[in-house]
Amino acid sequence: MSAPFRLPTGGLIDRGRPLGFTFDGVAMTGFYGDTVASALLANGVTIVGRSLKGHRPRGVVAAGVEEPNALVSVEGGGFFEPMARATEIPLRDGMRVRSLNAWPNAHIDLAAMMGVGSALTVAGFYYKTFIWPAWSAYEWIVRKAAGLGRLPRRSGPDPSLHAHESIDVLIVGGGPAGIAAAETLAGSGLQVVLAEARERLGGSLSRQSTIAGEAGGDWLRQSEAVLERSGNVAIGRRTMVAGAYAGNLFVLDEKDGEGGHRLYKLSARQVVLATGAIEQPLLFANNDRPGVMLADAVRLYLEDFAVVPGRRGVVVTNSDSAWELVPKLARAGVAVAALVDSRRREACRHAAAIEALGVTPLFEATVTAVRGVGGVRGVSVSRQAHPAETVECDFLAVSGGWLPLLHLAAHRGSRPRYDAEAGTLQLTRWPDGWHACGSVAGSASVEAVLLEGAAAGVAAAAALGRSVRPAYEGRARPRPAIQPPIQPMPRHEAKVWVDLQADVTLRDVRIAAAEGFGAPEHLKRYTTGGMAADQGRTSSLNLLRSLAEVSGRDMAGLGVTTFRPPFAGLNMGAIAGLRRGALHAPVRETPMLAEHLALEAEMGEFGGWRRADHYRSNAPDREKAVSVEMAAVRNAVGVFDGSPLGKVEIAGPDAARFVDRFYVSDMIGLKPGHIRYSLLLREDGIIFDDGVAVRLSEDRFLLSPTSGRADQVLFHLERWRQTEWPDLRVAIASIGSQWATLALSGPASRQLLTALGPDFPVDRESFPHMRFREGRVAGVPARVARVSFTGELQFELSVPARHGAALWRRAMEAGRDLGVRPVGIEAWLRLRVEKGYIHVGVDTDGRTLPDDIGFGAIARKKAADFIGKRSLDLSYANDPDRDQLVGLLAGDGAVLEPGGRILAAGHARPPAPVDGRVTSATMSVAAGGSIALAMLRRGRERLGEVVAIQQGGRQLRARVTEPVFHDPAGARLRA
Amino acid sequence: MLILTCPHCGPREERELVWGGEAGIARPDLSCDDVTWTDYLFFRANPKGVVLEQWCCAAGCGQWFKVARNTLTHEVLGTWPHAADPDLDALGKDEAQT
């Protein structure tokens, strides 16, 4: 298929390299150098997508990052972009391009045919409609209708890379201003980056215009050559500066044109802002029809891509820039049916030149409506003192003035203001170290832009103590007096689109203002205007203008909404970089991993560690395996990999005083070789962690924080040592990764330890409960703690990490006749529930104090200060209505689950006040049924009471008990 | 993102550091009244302007240090080892607050 709207000559495309691609399955051709958008236009594709809410047909409007309509998914050699602007994607051979928000395709969209979307178009619709009976009733259908594009099923093969750099000068924008600044800095020895979002440098420079006494194309080639040779200016093409942050840190997204991204975090000592300006549309009825395009985009497609949007156009404007398009169209053989300008003839500088071309401009005139549905068939023009007339045409080039791209400066807190004379937003004060030049700073003529760019380069160098010669010198001609733009406001407000991508009409703006959402920030949120993926690039100014109009207020007094990063949408894969899959949140492994896998462990992630949940070698079914493992611990012996348990050593003459300040129990009186279980609190009294402390010797302690919280506890200890008690002579070291820990738990664990050959006695008298021994076991150095998490006789055996796997194998072998089983974490946690041992963060939360779990007496007994102690005297800590830890024994064969709500006394079913919650649950052999731990209001006074529990959608009954179901006297523990 | 100069490691990016709130919050002793204690727990000056903060070089040396930062502009006026007691007034705190 030939491309009917491609001119036979011209453009910057490589006609020797034709490319094939498909759009919604239809085969088309383009050339190397095309963007997807230019190729679509060349092939005569007018409808590229459907609008978000109303499913109206939409076409390409712009040629760059501001494009609101042409969102497509692109699939090419090994990559998939679910939502990209067709104007920014370089065309590649074999690309499969699909329209978004349309089914089966953009041309025939069923939703549009049925009018499905139209009811969703009114401002505030969501807020007004989905409030009864509940948002949840509507959520599924709204979610289905929301958003654009589809996520790929798999992530792409090449993850994006992140790079961090620090440079001297960042130049944002590769148009004439940025190039002039870069040329000025070329050879200066300063490290300079020139970032240009498009594939080519040049910005809005026309290749046919004259710049610095040369043809635009020649000038650009020479300047690029200067920069390439300079050795100190790096040019980043396809590189968007997405955000500016404190300390002049920037985020840059560099695309390789093949779907790959590289995300830079770049800090720059000086900044040259040469981002230019973006043309703004005008408001009239049906201004969203395919074929209505920005005038400068029409020029760019014509000059750079040799593509025309139609055969017969109308140009409508309120300023001079669009007038330059008319002779260019004429030269390309495109008829200009009319040039419509809202200004008076005297204000238009080019009037005579245009008239000489045979085009009769219509002054003090405006387009009121577009005719045609799937494309432009003509426009209605209204002129003072003339009857309305219809001009036939097949495209409309629109220019409503320019919006400077000062967004990055606004990211740094500079507040743009509306300037009535210029008819646009402006900044007068730039962030420190920034030098704005070119049209972002309000310049119009190309000479002025070059001079400003060069001056910005000189200023940036000077700020860094370097003196450089400006690449361009001289004086610009004085700029012509600006005529304030005239923006006639249209009627038929429901058909006037103010924001094309968010699908916001002038009527929506009126509704929002009438309903009290008349401040720009409110308007934005109520209508979603300016909030779509194009970040309101072509709508924010018209939204303000419309708001001023409908509310009869002065535009300058309205203020401007906040511009936040990113400047344009960033690909999620680019943000994730390498942090995906296994690298997303790296999981730690213990030295015994291979042993677990050999025993067919079902592995899972627990608190950042890869641990065995249960062992299929014990039973293939999870519940059965867990019961086998629990039974082994209760009746024989189980071996559990406790290596993730935190191990923090505290050493120094003040070690005891230091440790004592963290725990609710006395630690100064703890004897060497003894172990104490206790709690650490936050300063507000809330339980932060629990665990045992071992006194290794007079001046050394070993603390065992919870596995998942070991790093936080270490950080906590170290922070207090450095910032509050630097006078204490003490050192802290985390030794967790040096040791592998095996817990031998169960009545036969002493026999198993004996079989492993300890070089110290392990009988009941020599090695009682809560004691610690250092020696050798199985021939390797070992630290053995007699502590228990299960309620059974237990030895926790730590050996240097490299011996962990061998010791595990020996324990499994030596325990064969004792009935040893490997025990996974699920059985381990259920065993502790039966014993009534809490798991901090599961049974406790951000409100739980020591007394709530039965530690009040111990905390009160300790006279010395410790972190959190003073908070335990505050009134809320002594409220008798607090939740307290209790046990629950289910009745009627019910099975309790964590998360159940305990209803207030006297209530059998909701609605009812909630008196507490079930925090952990298990089936208990000892209790003969389903048991749970729970936090219950005034729980300790309510033992024996039967409570109703709302669990899922059902009501259960359970009896309140002591939390300990297994061996309450502790005889087995101390065996 | 801020770049702060750790007194021990040199300039470091914010993501390598951990913020620890205002520096110089005195911990009252046990005998204080409830109001003094809850003020210590919950109330901070949170100035619009220069504040002396604690930061930890968490991905580097692990040391806590002090930073004078303008909360309005993110300007960093200086960094010191934790033991130092810099004079904020000498750093133009009053001007920055206007």
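Convention: sequence-line order gives letters A, B, ...; per-chain numbering from 1.
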Counting only heavy atoms closer than 4.5 Å, note whether [X] contacts chain B via side chain, backbone, both or neither.
X      : value
A:S166 : neither
A:A244 : neither
A:F866 : backbone

Quiz item: Who among A:R682, A:K869, A:K265 has the most heavy-atom pairs with chain B under 4.5 Å?
Solution: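 Most heavy-atom pairs under 4.5 Å with chain B: A:K869.
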Exercise. Could you have a look at A:A246, A:P726, A:G247, A:S267 and say which one has the most heavy-atom pairs with chain B under 4.5 angstrom?
Key: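 Top option by heavy-atom pairs under 4.5 Å: A:A246.
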Exercise. Indicate yes or no for a side-chain donor-acceptor contact from A:R719 to the backbone of B:C56 under 3.5 Å, with no hydrogens or angles considered.
Key: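 Checked: no pair found.
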Self-check item: Heavy-atom donor-acceptor pair, A:R870 side chain to B:C32 backbone, under 3.5 Å
Solution: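 Looks like yes, one N/O pair under 3.5 Å.
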Practice problem: Answer whether the closest heavy-atom distance between the side chains of A:F715 and B:V18 falls below 4.5 Å. | Solution: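 The answer is yes, as the side chains (C-beta and beyond) meet within the 4.5 Å cut-off.
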Self-check item: Contact check, side chains of A:D865 and B:D29, non-hydrogen atoms, under 4.5 Å
Solution: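 With C-beta onward as the side chain, the pair stays apart.
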Exercise. Assess whether atom CZ of A:R579 is packed by more than 12 heavy atoms of other residues, nucleotides or ligands within 6.0 Å.
Key: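 Counting other residues, nucleotides and ligands, CZ of A:R579 stays at 12 neighbours or fewer.
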Self-check item: Heavy-atom neighbours of B:F43 CZ exceed 12 at 6.0 Å
Solution: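 No, CZ of B:F43 has 12 or fewer neighbouring heavy atoms, counting only those of other groups under 6.0 Å.
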Self-check item: Side chain / backbone / both / neither for B:I3 at chain A, heavy atoms under 4.5 Å
Solution: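 Looking at B:I3, just its side chain touches chain A.
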Practice problem: Before accepting this row, confirm whether a basic side-chain N of the pair A:E683/B:R27 lies closer than 4.0 Å to the acidic partner's carboxylate O. | Solution: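 Looking at A:E683 and B:R27, the cut-off is met.
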Practice problem: Find the one option among B:H74, B:E14, B:H82 whose heavy-atom pairs under 4.5 Å with chain A are most numerous. | Solution: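 That would be B:H82.
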Which value, rounded to the nearest 0.5 Å, describes the distance between [X] atom [atom1] and [Y] atom [atom2]?
X     : Y      : atom1 : atom2 : answer
B:E75 : A:D432 : CD    : CG    : 8.0 Å
B:W37 : A:D873 : CH2   : CG    : 10.0 Å
B:E13 : A:H164 : CD    : NE2   : 5.5 Å

Self-check item: Closest contact, heavy atoms only, A:A863 versus B:L30
Solution: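 Shortest heavy-atom separation between A:A863 and B:L30 comes out as O-CD1, 3.9 Å.
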Practice problem: Run the numbers on B:Q63 and A:Q722 for side-chain contact (heavy atoms from CB on, under 4.5 Å), then give the verdict. | Solution: CA-CA 8 Å; B:Q63 296 300 301; A:Q722 288 185 32; 3.6 Å; yes
